[in-house]
Amino acid sequence: MDATAGETDYVDVLIVGAGISGIGAAYYLQRDHPGRSYAILEARGASGGTWDLFRYPGIRSDSDLHTFGYEFKPWRSDVAIADGEAILAYLRETVAEQGIDRHVRYHAKVVAADWSDAGARWTVTVENTETGSRYTVCARWLFCAAGYYRYDEGFTPHFEGRERFTGPIVHPQHWPAGLDYAGQRVVVIGSGATAVTLIPAMAGTSGQAGTAGHVTMLQRTPSYVLPVPSRDKLNARLTRLLGFERGYAVTRRLNITRQVALWRFCQRWPKAARKVIRDLNVKLLPADFPVDEHFSPPYGPWDQRMCMVPDGDLFRAISGGKASVVTGQIETFTEDGVLLSDGRTVPADIIVTATGLNVAPFGGIALTVDGAPVRAGDRLVYKGMMLSGVPNFLFVFGYTNASWTLKVGLVCENFTRLLRHMDARGHGTARPVVADAGMPSRPFTEFGSGYIVRALGELPRQGSRAPWRVSRTYQNDVKLLRRTPVDDPELRFEAAR
Ligand SMILES: Cc1cc2nc3c(=O)[nH]c(=O)nc-3n(C[C@H](O)[C@H](O)[C@H](O)COP(=O)(O)OP(=O)(O)OC[C@H]3O[C@@H](n4cnc5c(N)ncnc54)[C@H](O)[C@@H]3O)c2cc1C
């Protein structure tokens, strides 16, 4: 059966979101269960999620595409840190190649999903984002691939005197097409991945036409900034030697190991890691640059997401005099820039608030189980992909210390195995249930990035033992999601009706 929401009001699996996760979910589902009906509901008018939404100058990945790409579709380039356009093209190619496009319904925002035990199905309320009209779709399974942040509004803290500033104030999530910043003094507020991407892109590195006059990175707290090669030379050699498929597979495996090794090194030996990063920074910055003031965070490496800069482009922009860094507390915006609490001023013609995202777990969908609202903060995460007490519901929340997509593949493999297991035994419902209700719990993640910390109360919690702990490495998840049997005593099955 091959049904699309809208043609019928029932599908076996309803996927929410046509970003990298939702497209991946569709691939695995149709590969392993070609007879099952599914649909993808996408709130926006296009696929690609993050990679279609963000349009700021220089938008790119910060993890390598050999691990950010799907396991099943080789990334056919040795450019490892790729721009947004190339990533979007890769995703759209996947959609077209796999015939996923005919399953996607656009402008379809899932606003609520109600599970009924009696019907053993989800009734999902969908809003047409063009007309505002609502309709329902029923599904046996709900697969939430809705990302982790609000699409309508990025995060901007309150800035005193904002209305005084006479130039444009821009948030990278809503970049105005055609914003002319040539020759302008730009202040980018922030020190995260977006800021370190934007600054060299707007500054250029050799004063070419169309680039800003000067870009200032204005940060309250420094981040770790690690230069990485934009091209993967080993991958180039491997693909020449082994062909694209096998070369990609080997590169992917090596890079997964490298990512985990780097993360473990940083967590186990933070002092040594801090020194290595500092030494690399010193090498790439001018001799008199105050490295400790601007690139020495008050937390350990990888306690928050580390910023990767391809070929040290940020440092080149600083060394070339096109960009600079100011670390300080903003007192107020003024007519022509920013005044800091220590009395310094930073002049600006344009201010970019690269201040982050608003986390929105589960696509902001109001979930109920038999009429009772599901508050994510009251639930425990099962195997990092289901919620306690919520039947036939899966979600993807990728790694914060490695490529997001690595988790997508493992969750989807586990899901299709689970479906096979249930089919073979005539089960219709799978509900994670904690055996010992008093098990101590802790936050979903220890990751200290501001956008995560702000949202911890809205995220589900994790338990103190498997399968209720959220793994932070791909290797652990391989054991849990790929190698461990799916019939777990804490996953309660009920017969299909
Ligand atoms: C600028 C930027 C750069 C990043 N770079 C990297 C990187 O290099 N490496 C990395 O691992 N991670 C990176 N990330 C994290 C990144 O978001 C994920 O890696 C990945 O793109 C998430 O994919 P996704 O499909 O899960 O979510 P998204 O890309 O957010 O897609 C979710 C989709 O679901 C849709 N949706 C949401 N709610 C609903 C709803 N209620 N109903 C219907 N549809 C809905 C959205 O419209 C969207 O299309 C980056 C994030 C940002 C913002």
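The first residue of the sequence shown is numbered 1, and numbering continues consecutively from there. Only this structure's heavy atoms are used, side chains among them; waters, hydrogens and symmetry mates stay out.
Put simply, the side chain of N281 gets close to the backbone of I277: a donor and an acceptor are under 3.5 Å apart. Side-chain N or O atoms of S21 include none that pairs as donor or acceptor with a backbone N or O of G17 at under 3.5 Å. Remark: the backbone N or O of A193 is not paired with any side-chain donor or acceptor of R305 at under 3.5 angstrom. Side chain of T353 to backbone of T355: no donor-acceptor contact under 3.5 angstrom is found. A donor-acceptor contact shorter than 3.5 Å is absent between the side chain of R220 and the backbone of Q329.
Neither side chain, T405 nor S403, offers a donor N or O lying under 3.5 Å from an acceptor on the other. A side-chain donor-acceptor contact under 3.5 Å links S296 and R274. The closest side-chain donor-acceptor pair between T368 and D114 falls under 3.5 angstrom. In this model, no donor atom of one side chain and acceptor atom of the other lie less than 3.5 Å apart for N255 and T67. Inspection of the Q219 and T327 side chains reveals an N or O donor paired with an N or O acceptor under 3.5 Å. Between the side chains of N401 and Q259, no donor-acceptor pair is found at a separation under 3.5 Å. Side-chain contact check for D303 and Q267: at least one donor-acceptor pair (N or O, by modelled atom type) lies under 3.5 Å.
Taking the six-membered ring for Trp, W263 and Y474 have ring centres at least 6.0 Å apart. Side-chain rings of W468 and Y382 approach one another, their centers coming within less than 6.0 Å. Note: F68 and W51 meet the aromatic proximity criterion, with ring centroids under 6.0 Å apart.
Between K407 and D477 there is a salt bridge, with a side-chain nitrogen of the basic residue lying less than 4.0 Å from a carboxylate oxygen of the acidic one. Between K109 and E42 there is no salt bridge, since no side-chain nitrogen of the basic residue lies less than 4.0 Å from a carboxylate oxygen of the acidic one. Remark: R92 engages D52 in a salt bridge, criterion side-chain N to carboxylate O under 4.0 Å. Ionic pairing of R461 and D378 is not present here: no N-O contact between side-chain nitrogen and carboxylate oxygen is shorter than 4.0 angstrom. We find that R60 and D83 are not joined by a salt bridge, their nearest charged nitrogen and carboxylate oxygen being 4.0 Å or further apart. Using a 4.0 Å cut-off between charged nitrogen and carboxylate oxygen, K283 and D279 do not count as a salt-bridge pair.
Rounded to the nearest 0.5 Å, atoms CE (M306) and CD (Q304) are 11.0 Å apart. Note: L142 CG to L394 CG = 9.0 Å, rounded to the nearest 0.5 Å. We find the CD1-CD1 distance between I199 and I318 to be 7.5 Å, quoted to the nearest 0.5 Å. To the nearest 0.5 angstrom, I87 atom CD1 is 7.5 Å from I20 atom CD1. Here T50 contributes atom OG1 and L357 contributes atom CG; the two are 8.5 Å apart, rounded to the nearest 0.5 Å. Between atom CG of residue L367 and atom CZ of residue R379 there is a gap of 9.0 Å, rounded to the nearest 0.5 Å.
Considering every non-hydrogen atom in both P347 and V187, the closest pair reads O-CG2, 3.6 Å. In plain terms, the two heavy atoms of C412 and A25 that are nearest each other are SG-CA, 3.5 Å. Residues T197 and G58 come closest through the heavy atom pair CG2-O, 3.1 Å. Contact record, L88 with S47: CD1-O, 3.8 Å, taken as the closest heavy-atom pair. Contact detail for L65 and A82: the closest heavy-atom pair is CD2-CB, 3.7 Å.
Contact check for D232 versus L234: side-chain heavy atoms found under the 4.5 Å cut-off. Between I81 and D62, the closest side-chain pair of non-hydrogen atoms is not below 4.5 Å.
Within the structure, every pair that satisfies the side chain to side chain donor-acceptor pair (under 3.5 Å) test and touches residues 169-188, not counting sequence neighbours, is listed here: R185-D349.
Each of F143, Y149, F395, F397 was scored for a ring-ring contact (aromatic ring centres under 6.0 Å, His included) with F362, with one residue passing: F395. Of the candidates Y224, F289, F315, F289 is the only one forming a ring-ring contact (aromatic ring centres under 6.0 Å, His included) with H294.
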For this session: Test S230 against D311 for side-chain hydrogen bond (donor to acceptor under 3.5 Å, both in side chains), laying out the working first.
Result: CA-CA 6 Å; S230 61; D311 305 324; 2.6 Å; yes
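A26 is linked by a side-chain contact (heavy atoms from CB on, under 4.5 Å) to I15, Y38, I40, I100, counting only residues two or more places apart in sequence or in another chain. With sequence neighbours excluded, the residues satisfying ring-ring contact (aromatic ring centres under 6.0 Å, His included) with Y27 are F72.
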